[in-house]
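Here is the structure we will look at, set down as structure tokens.
Proteins come first, then strands; the chains are lettered A, B, ... in the order of their sequence lines, and each starts at number 1.
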Protein chains: 2
Amino acid sequence: MESSDLKKAGLKVTLPRMKILDLLANSPDRHLKAEDIYKMLLDAGEDIALATVYRVLTQFEAAGLVTRHHFDGGHAVFELNDGEHHDHLVDIRSGRVVEFYDEIIEQRQKEIAREHGFTITEHTMILYGHFDDDKEDAGRD
Amino acid sequence: MESSDLKKAGLKVTLPRMKILDLLANSPDRHLKAEDIYKMLLDAGEDIALATVYRVLTQFEAAGLVTRHHFDGGHAVFELNDGEHHDHLVDIRSGRVVEFYDEIIEQRQKEIAREHGFTITEHTMILYGHFDDDKEDAGRD
DNA sequence: ATGTATGCAAAACATTTGCACCTGG
DNA sequence: CCAGGTGCAAATGTTTTGCATACAT
């Protein structure tokens, strides 16, 4: 039912768009950079251009289907937007990303914004580090 | 006393390094991108190369003198490291940046990391939005 | 058909690197 | 003097854009 999401976003249902949406929805790694997606599609035998991947991701972001993050590393990563905000733990050794949500932090953010007369439109919080035991949290991400 | 900071970091005290450190310490905007610094130095009549600015900033970062942030926008911004961690409010209309620190959030971050068996080496939290009244908070940043 | 999307190649940026020359200690 | 630093130009990596062709509706 990805195609309905595309239509809802006012985007024509094309092969590249469906393939990219499918990858974002079904890849074991929810956080992908443009080139990852490009290579995965090439490997899957698709005839796609990297420029198209960037164009589609940018359109998806504008349509709210996808969120663009700027983790360290000089490139953006894209993640399917499931409608629920969350923040990230990023393992700088393995690159593994785990999502989390904390109500207390969200509340404090709002409070801090209010104290500063600031209206938040979005926010990111990234904890960089490493998992002490990389076997435990495995189910997450 | 910037030169002592340089020596302490094991870096020769050279003109470009002192000029850049000086800019970072005295610019009204604490958060500068490499090209900002480069242009400011050119305007000040310095004969410096953009490559040098990048090299120096990278060395400063390695030495802990400076922190590199990846706000939205496809470029890094650098900030003098005053030793105290803080997070950022970024006005997406004016580009104005205000720093803040919240003990409750810091505590929750540690707790969340612990719950995930994760060791934090660093973290960033950025609230994007806009100041409701841009006259009020002016003293900050 | 017809406006939009795509592929390809080139361009635009941000950042890094090789190398000959210069400079600080 | 001499290791390390700098300027310049070229290289790299990421993302964007122009344009002719191909495709969805």
Spacing of D36(A) atom CG relative to dG13(D) atom P, expressed in whole Å: 15 Å
5'-most by nearest nucleotide on DNA chain C - K12(A) or A49(A): K12(A)
Shortest non-hydrogen contact from R17(A) toward L6(A): CB-CD1, 3.9 Å
Close side-chain approach of M125(B) and Q109(A), heavy atoms under 4.5 Å: yes
Value in whole Å for how far the P atom of dT6(D) lies from CG of L11(B): 9 Å
Between C1' of dG24(C) and CE of M18(B), the distance in whole Å: 11 Å
Sub-3.5 Å pairs of nitrogen or oxygen atoms, protein against nucleotides 13-16 of chain C:
residue: dT15(C); atom: OP1; partner: A76(B); partner atom: N; Å: 3.0
residue: dT15(C); atom: OP2; partner: Y54(B); partner atom: OH; Å: 2.5
residue: dT15(C); atom: O5'; partner: Y54(B); partner atom: OH; Å: 3.4

H75(A)-E35(A) side chain donor-acceptor pair, cut-off 3.5 Å: no
Result of checking H123(B), H31(B), H70(B) against H88(B) for ring-ring contact (aromatic ring centres under 6.0 Å, His included): H31(B)
Nucleotide dT6(D), atom C1' - distance to CG of L41(B) in whole Å: 14 Å
Nucleotide dC23(D), atom C1' - distance to CD1 of I48(A) in whole Å: 14 Å
Gap between atoms NZ and P, on K19(B) and dG7(D) respectively (whole Å): 13 Å
Path from I104(A) to F100(A) over hydrophobic side-chain contacts below 4.5 Å: no
Atom-to-atom span, NZ of K7(B) to C1' of dG4(D) - whole angstrom: 16 Å
Atom-to-atom span, CG of L32(A) to P of dT15(D) - whole angstrom: 13 Å
Under 3.5 Å side-chain donor-acceptor pair for Y101(B) and E99(B): no
side-chain N/O T14(B) vs dG5(D) OP1/OP2, d < 4.0 Å: no
